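Here it is, the structure in full.
First the proteins, then the strands, lettered A, B, ... as listed; each starts at 1. Predicted model, so just to flag it, every value in this text is computed and none were measured.
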Amino acid sequence: MIKVTLPDGSVREFEQGATAMDVARNISEGLARNVLSAKVNGEVRDANRPLPGDCTLALLTWNDPDGKATMWHSSAHLMAEAIEALYPGTKFGIGPPIENGFYYDIDLGDKTIGDGDFAAIEAKMKELASKKLVFERKEVSKADAIAYFTEKGDEYKLELLEGLNDGEITFYTQGNFTDLCRGPHIPDTSFIKATKVMSVAGAYWRGDEKRKQLTRLYAITFSKQKELDEYLVLLEEAKKRDHRKLGKELDLFTFSERVGAGLPLWLPKGAALRERLINFMKTAQEKAGYVQVATPHIGSKALYETSGHWEKYGKDSFQPISTPQEGELFMLKPMNCPHHCEIFASRPRSYKDLPLRLAEFGTVYRYEQSGELHGLARVRGFTQDDAHLFCRPDQVKEEFMKVIDLVLLVLRALNFENFEVQVSLRDKEDRSKYIGSEENWEKAEQAIIEAAAASGLKTVVEYGEAAFYGPKLDFMIKDALGRRWQLGTIQVDYNLPERFELEYGQRQWPPPSGDDPPRALRSLERFIAVIIEHTAGRFPLWLTPEQAIILPISDKFVEAAKTVGAQLEQLGIRTTIDERNEKIGRKIRDAELAKSAFMLILGEKEQADGTVSVGSRARAISGPCRPPRSPPWSRSASPDNWARQPA
RNA sequence: GCCUUUGUAGCUCAGGGGUAGAGCACUUCCUUGGUAAGGAAGAGGUCCCGGGUUCAAUUCCCGGCAAAGGCUCCA
């Protein structure tokens with residue numbers, strides 16, 4: 001007999017060789033029907049595999065992330081079987097589950113798959129799934145595995161086998177399809193009831209640009225058609241928040257082929273919003289002891305040779321700008337750091353001058369590959385909220401904490417709660433690719449970890465992700481469709497101070513450290529993109545383009561509306577008037593779609609007692625309010641409290 | 001850059017080898033209204049650009065440009 005401990009702490013006894021499925025049946029038939037896999041002593045395994053002995057056991061269903069992953073992993077095998085049936089001779093790469101569904105990388109030879117082929121694949125998958133094929137696990141020797149895939153001619157699987165040891169290799173077979181796989185899998189294919197191939201994409205084998213590009217098919221499955229339908233609706237909803245769509249609808253920005261890809265044009269409403277955001281951040285920076293500087297958009301070749309950018313990025317960036325003067329070359333600035341270093345070096349600095357915090361909203365230009373461009377989130381010309389802090393080694397930790405505070409202040413002012421913080425440190429083994437002394441790295445890495453902890457941040461530590469010149473802390477945020485973007489980064493840089501031979505007092509810089517760019521935001525454009533998606537275009541009041549719109553009931557009240565409008569403008573409230581010859585219902589609808597913060601309705605009644613009737617974009621109607629002197633919609637709050645940027 | 005898809009009115013999109021289509025927006029007129037679309041008429045196009053096939057190309061083919069989804073998830 002074996003003892004099985006369940007998540008609630010209860011212990012049940014079973015015969016030797018009992019499976020997780022037996023345990024499930026013992027609890028209830030209903031549960032057994034929903035079990036996808038099981039976590040045995042913390043390891044996810046097939047539900048119908050015999051338990052190893054006494055163990056802790058959690059039965060995994062659709063509600064567990066691991067259960068979902070099992071389902072989707074098995075679905076990938078099912079899709080592979082369908083593809084093999086439809087396109088004989090296909091070679092297979094890898095097919096893992098992902099956040100929303102799964103993919104399989106395949107090599108179709110000369111054939112191509114387009115979205116016109118999806119329906120056939122989905123149908124084949126459903127057909128196979130309905131056969132209730134069992135996933136059979138089999139341990140195989142390395143020699144047998146190699147023999148199998150050699151005969152099949154699947155070079156990708158053979159390559160994967162190279163990295164595996166004899167004795168740890170398993171095959172899974174369902175129906176006519178056998179795959180090299182560590183598992184686990186769902187009991188049989190009947191769990192898969194709804195299938196949807198989402199998209200096709202090229203993907204380099206093992207993520208390496210130099211290797212062959214395979215065809216990647218993304219798909220998702222559910223055990224109920226209804227769940228698939230709901231998922232598709234959810235996707236549609238997310239698309240409505242897409243900043244590219246909202247940016248167009250709300251007249252914030254546009255792109256022009258004639259100007260060039262990746263070069264956003266800010267329309268009046270967007271430019272004003274951007275300006276308000278900058279002002280807010282400048283104020284916050286100044287309070288934190290930063291001084292603003294300004295530097296030109298180009299710099300001579302010599303500047304970038306000193307900084308190392310010429311050597312590292314020269315070829316891959318915009319080509320240099322030449323002048324009538326023979327041999328004279330300038331570069332569009334890809335970053336502000338070199339200029340800031342020169343500002344630091346412009347006169348002798350004492351240790352008493354430190355920390356010196358130079359800030360600039362500097363626009364930089366980078367040649368991003370055409371396929372990388374994405375709305376405002378990845379562009380070729382963008383403005384950085386950039387700052388460089390020059391400090392002594394003993395100040396690094398404190399400065400780091402202050403920068404974190406500044407980033408958090410900005411994020412909180414915009415109600416961001418869900419962001420990830422990643423600490424990027426050196427590779428644990430290979431230290432040769434980093435510059436700077438062991439001692440300084442150690443100190444800086446420690447400083448970052450401690451600063452993050454002291455600020456209460458939940459962080460993920462990634463080894464080997466540090467820049468060659470120093471460790472960093474990155475703020476990552478997700479967009480409407482779940483894609484991750486880096487929003488802010490704080491880095492320590494030993495490279496630039498050394499290259500620019502920055503010094504203070506009598507001591508040269510390198511051993512003492514140069515702390516580098518706390519970019520509260522890496523790119524203002526990307527930040528605004530994320531704000532748009534986060535708020536679905538309903539910006540906080542202080543940021544929103546249209547704070548109030550006055551809706552006269554009919555032409556007769558347009559004059560009165562203008563009077564009220566002038567009063568509001570006087571109070572610094574951004575106000576427009578809908579003078580169109582339309583019914584009030586129509587005006588409300590349009591104001592709603594335009595996401596105006598407040599709607600002020602003015603008709604006969606209001607005109608008579610000098611009020612306006614207030615509705616907000618939350619469709620809350622606050623009743624009549626008196627417009628003059630104070631904002632009518634908030635009798636308790638003064639305009640200072642809501643219209644002004646947060647402090 | 002590479003793979004797949006797309007490019008038609010200001011916007012969203014239908015169409016198709018031979019007069020270019022709809023809805024919304026726009027202009028004008030009627031209507032003067034009370035909390036998410038009042039009615040009518042009108043105007044609006046180099047069908048992304050270049051080349052090829054054809055009597056004829058916006059449509060088919062090739063090339064460019066731009067946009068979308070990927071190329072980070074490691075059996």
Worksheet item: Does any donor-acceptor pair link the side chain of A/S613 with the base of B/U35 at a separation under 3.5 Å?
Response: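 For A/S613, whose side chain was compared with the base of B/U35, there is a donor-acceptor pair (under 3.5 Å).
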Worksheet item: Atom CD of A/E606 to atom P of B/U35: distance rounded to whole Å?
Response: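 Checked: the CD to P distance equals 12 Å.
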Worksheet item: Across the strands shown, which category fits A/I113 at heavy-atom distances under 4.0 angstrom: base, sugar-phosphate, nothing?
Response: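 Here A/I113 touches the backbone only, sparing every base.
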Practice prompt. Take atom C1' in B/G44 and the same atom in B/C11, then report the distance between them in whole Å.
Written response: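 So the two C1' atoms sit 14 Å from each other.
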Practice prompt. Look at all strands and tell whether A/G371 reaches a base, only sugar-phosphate, or nothing, counting heavy atoms closer than 4.0 Å.
Written response: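 It contacts base atoms.
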Discussion item. Could you go through A/T489 and A/D474, starting from their C-alpha distance and side-chain angles, then the distance that decides it, and tell me whether this counts as side chain to side chain donor-acceptor pair (under 3.5 Å)?
Written reply: CA-CA 4 Å; A/T489 180; A/D474 294 319; 2.6 Å; yes
Worksheet item: Separation of A/L232 atom CG from B/G69 atom P, in whole Å?
Response: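 After rounding, the gap between these two atoms is 17 Å.
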Practice prompt. Please work out if A/G375 contacts a base, only the sugar-phosphate, or nothing of the nucleic acid, heavy-atom cut-off 4.0 Å.
Written response: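 Sugar-phosphate, no base atom in range.
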Practice prompt. Could you classify B/U19 for me, syn or anti, using a glycosidic angle within 90° of 0 as syn?
Written response: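 Syn for B/U19; the angle stays within 90° of 0.
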Discussion item. If the threshold is 4.0 Å, N to carboxylate O, is there a salt bridge linking A/R589 and A/E582?
Written reply: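 Salt bridge absent between A/R589 and A/E582.
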Item to complete: Mark yes or no for a side-chain to base donor-acceptor pair under 3.5 Å between A/N581 and B/G33, with no hydrogen or angle criteria applied.
Response: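 In this structure, the two groups form a donor-acceptor pair.
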Discussion item. Quick check: any donor-acceptor pair below 3.5 Å linking the side-chain of A/Q213 to the base of B/C71?
Written reply: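 Check fails, no donor-acceptor contact within cut-off.
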Discussion item. Over all strands shown, is A/K583 touching base, sugar-phosphate only, or nothing at heavy-atom distances under 4.0 angstrom?
Written reply: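 Touches a base.
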Fill in: A/I192 vs A/I186 side-chain heavy atoms within contact, under 4.5 Å
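In contact.
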Discussion item. Students often get this wrong, so: under 4.0 angstrom with heavy atoms, is A/E168 touching a base, only sugar-phosphate, or nothing?
Written reply: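 Answer is base: heavy atoms of A/E168 come under 4.0 Å of a base.
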Discussion item. Give me the distance, rounded to whole Å, that separates B/C47 from B/U19 when you measure between the C1' atoms they each carry.
Written reply: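 To the nearest whole Å, 15 Å.
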Practice prompt. Answer with base, sugar-phosphate or nothing: what part of the nucleic acid does A/L214 contact at a heavy-atom distance below 4.0 Å?
Written response: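 Nothing: the residue A/L214, judged by heavy atoms under 4.0 Å, touches no strand.
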Fill in: Aromatic ring proximity A/F149/A/F171, centre distance under 6.0 Å
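They qualify: ring centres under 6.0 Å apart.
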Worksheet item: What is the distance, rounded to the nearest whole Å, between atom NZ of A/K248 and atom P of B/A25?
Response: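 Nearest whole value for this atom pair: 18 Å.
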Worksheet item: Between B/G34, B/A66, B/A36, which one does the side chain of A/R589 approach most closely?
Response: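 Closest of the options to the side chain of A/R589: B/A36.
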Fill in: Plane angle bin for A/H374 and A/W485 - parallel if under 30°, tilted between 30 and 60°, otherwise perpendicular
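Ring orientation of A/W485 relative to A/H374: tilted.
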Discussion item. As a test of reading the structure: which of B/U35, B/A75, B/C71 is closest to the side chain of A/I169, going by heavy atoms?
Written reply: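 Looking only at side-chain atoms, A/I169 lies closest to B/A75.
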Fill in: Most 5' of A/I94 and A/L373 on RNA chain B, judged by nearest nucleotide
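It is A/L373 whose nearest nucleotide is closer to the 5' end.
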Discussion item. Does A/R216 reach a base, just sugar-phosphate, or nothing at all? Heavy atoms under 4.0 Å.
Written reply: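 Sugar-phosphate, backbone atoms only, no base.
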Fill in: Base B/G1 paired with A/Y204 side chain (donor-acceptor, <3.5 Å)
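Side chain to base: pair present.
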Worksheet item: Any side-chain N or O of A/H374 less than 4.0 Å from the OP1 or OP2 oxygen of B/G69?
Response: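 Checking B/G69 against A/H374, a side-chain N or O does come within under 4.0 Å of OP1 or OP2.
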Practice prompt. Assign A/T170 to base, sugar-phosphate, or nothing according to its heavy-atom contacts below 4.0 angstrom with the strands shown.
Written response: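 If one applies the 4.0 Å heavy-atom cut-off, A/T170 turns out to touch a base.
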Item to complete: Check the pair A/E84 / A/K152 against salt bridge (charged side-chain N to carboxylate O under 4.0 Å, His left out), numbers first and verdict last.
Response: CA-CA 12 Å; A/E84 193 160 61; A/K152 207 177 165 194; 3.1 Å; yes
Discussion item. Looking at B/U32, I'd like to know if its phosphate oxygens (OP1 or OP2) sit under 4.0 Å from a side-chain N or O belonging to A/R586.
Written reply: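 Checking A/R586 against B/U32: no side-chain N or O falls below 4.0 Å of OP1 or OP2.
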Item to complete: Starting from Watson-Crick (N1-N3 plus N6-O4 or O6-N4) and G-U wobble pairs under 3.5 Å, report the runs of at least three that RNA chain B belongs to.
Response: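 B:1-7 with B:65-71, B:10-13 with B:21-24, B:26-30 with B:38-42, B:48-52 with B:60-64 - these are the stems of 3 or more pairs that involve RNA chain B.
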Discussion item. Would you measure the distance from the P atom in B/C48 across to the matching atom in B/G7 and give it in whole Å?
Written reply: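 That atom pair is separated by 8 Å.
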Discussion item. Would you measure the distance from the C1' atom in B/A25 across to the matching atom in B/G10 and give it in whole Å?
Written reply: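 Per the computed distance, 7 Å lies between those C1' atoms.
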Worksheet item: Does any donor-acceptor pair link the side chain of A/E368 with the base of B/G1 at a separation under 3.5 Å?
Response: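 No pair found.
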Discussion item. Mind checking if A/T215 touches a base, just sugar-phosphate, or nothing, with heavy atoms under 4.0 Å?
Written reply: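 No contact.
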Worksheet item: Using the P atom in both, what is the distance from B/A9 to B/U5, to the nearest Å?
Response: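 To the nearest whole Å, 23 Å.
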Worksheet item: Looking for any heavy atom pair under 4.0 Å, which part of the strands does A/I601 touch: base, sugar-phosphate only, or nothing?
Response: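 Result for A/I601 = base.
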Discussion item. Regarding A/D115, tell me which of base, sugar-phosphate or nothing describes its non-hydrogen contacts under 4.0 Å with the strands shown.
Written reply: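 Result for A/D115 = sugar-phosphate.
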Worksheet entry | Distance in Å, A/E155 CD paired with A/K91 NZ, rounded so as to fall on 0.5 Å steps |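 It is 4.0 Å, given to the nearest 0.5 Å.
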Worksheet item: Using the C1' atom in both, what is the distance from B/U35 to B/A40, to the nearest Å?
Response: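 Result for the C1' pair: 26 Å, nearest Å.
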Discussion item. To the closest 0.5 Å, what do you measure between CZ (A/R380) and CD (A/E525)?
Written reply: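 If we round to the nearest 0.5 Å, A/R380:CZ and A/E525:CD are 15.0 Å apart.
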Worksheet item: To the nearest angstrom, how far is A/R580 atom CZ from B/A37 atom P?
Response: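 For the pair A/R580 CZ and B/A37 P, the rounded distance is 13 Å.
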Worksheet item: From B/C65, B/G1, B/U32, pick the nucleotide closest to the side chain of A/E257?
Response: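 Shortest atom-to-atom distance from the side chain points to B/C65.
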Fill in: Mutual orientation of the aromatic rings belonging to A/H77 and A/F135 [parallel < 30°, tilted 30-60°, perpendicular > 60°]
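Ring orientation of A/H77 relative to A/F135: perpendicular.
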Worksheet item: B/A68 phosphate, OP1 or OP2: any side-chain N/O from A/R244 under 4.0 angstrom?
Response: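 Answer is yes, contact under 4.0 Å.
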Fill in: Pair A/W62 + A/F191: ring centers closer than 6.0 Å
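Centroid distance A/W62-A/F191: not below 6.0 Å, so no.
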Discussion item. Roughly how many Å apart are B/C24 and B/A36, using the C1' atom of each and rounding to a whole number?
Written reply: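 My reading of the C1' atoms in B/A36 and B/C24 gives 15 Å.
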Item to complete: For A/K605, answer base if it contacts any base atom (sugar-phosphate contacts may also be present), sugar-phosphate if it contacts only those atoms, and nothing otherwise; contact means non-hydrogen atoms under 4.0 Å.
Response: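 The residue A/K605 makes base contact.
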Worksheet item: Closer to the 5' end of RNA chain B via nearest nucleotide, is it A/K245 or A/F557?
Response: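 Between the two, 5'-proximity favours A/K245.
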Discussion item. What is the distance, to the nearest angstrom, from the CD atom on A/Q369 to the C1' atom on B/A67?
Written reply: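 Value for this atom pair: 17 Å.
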Practice prompt. Look at the side chain of A/I588 and decide which nucleotide, out of B/A36, B/A75, B/G34, has an atom nearest to it.
Written response: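 In terms of side-chain proximity for A/I588, the closest of B/A36, B/A75, B/G34 is B/A36.
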Worksheet item: If you look at every strand shown and take non-hydrogen atoms under 4.0 Å, does A/E249 touch a base, only sugar-phosphate, or nothing?
Response: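 Nothing, no nucleic acid heavy atom in range.
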Item to complete: Run the numbers on A/R586 and A/D590 for salt bridge (charged side-chain N to carboxylate O under 4.0 Å, His left out), then give the verdict.
Response: CA-CA 6 Å; A/R586 179 55 184 274; A/D590 289 344; 3.2 Å; yes
Item to complete: Please state how far atom CD in A/Q607 lies from atom C1' in B/U32, giving the value in whole angstrom units.
Response: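 Whole-Å distance recorded here is 14 Å.
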Fill in: Side chain proximity check, A/V233 to A/E236, heavy atoms < 4.5 angstrom
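They are not in side-chain contact.
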Item to complete: Could you state the atom-to-atom distance from OH of A/Y367 to C1' of B/G1 in whole Å?
Response: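 The distance from OH of A/Y367 to C1' of B/G1 comes to 8 Å, rounded to the nearest Å.
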Discussion item. Less than 4.0 angstrom between a side-chain N/O of A/Y218 and OP1 or OP2 of B/C71, yes or no?
Written reply: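 Yes, because at least one side-chain N or O of A/Y218 sits under 4.0 Å from OP1 or OP2 of B/C71.
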Worksheet entry | For atom CE of A/M198 and atom P of B/A68, their distance in whole Å |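 The answer, rounded to whole Å, is 18 Å.
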Item to complete: Check every strand shown and say whether A/A203 touches a base, only sugar-phosphate, or nothing at a heavy-atom separation below 4.0 Å.
Response: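 The answer is sugar-phosphate, as A/A203 gets under 4.0 Å only of primed atoms, P, OP1 or OP2.
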Worksheet entry | Spacing of the C1' atoms in B/A43 and B/U4 (rounded, Å) |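 Taking atom C1' in both B/U4 and B/A43, they lie 40 Å apart.
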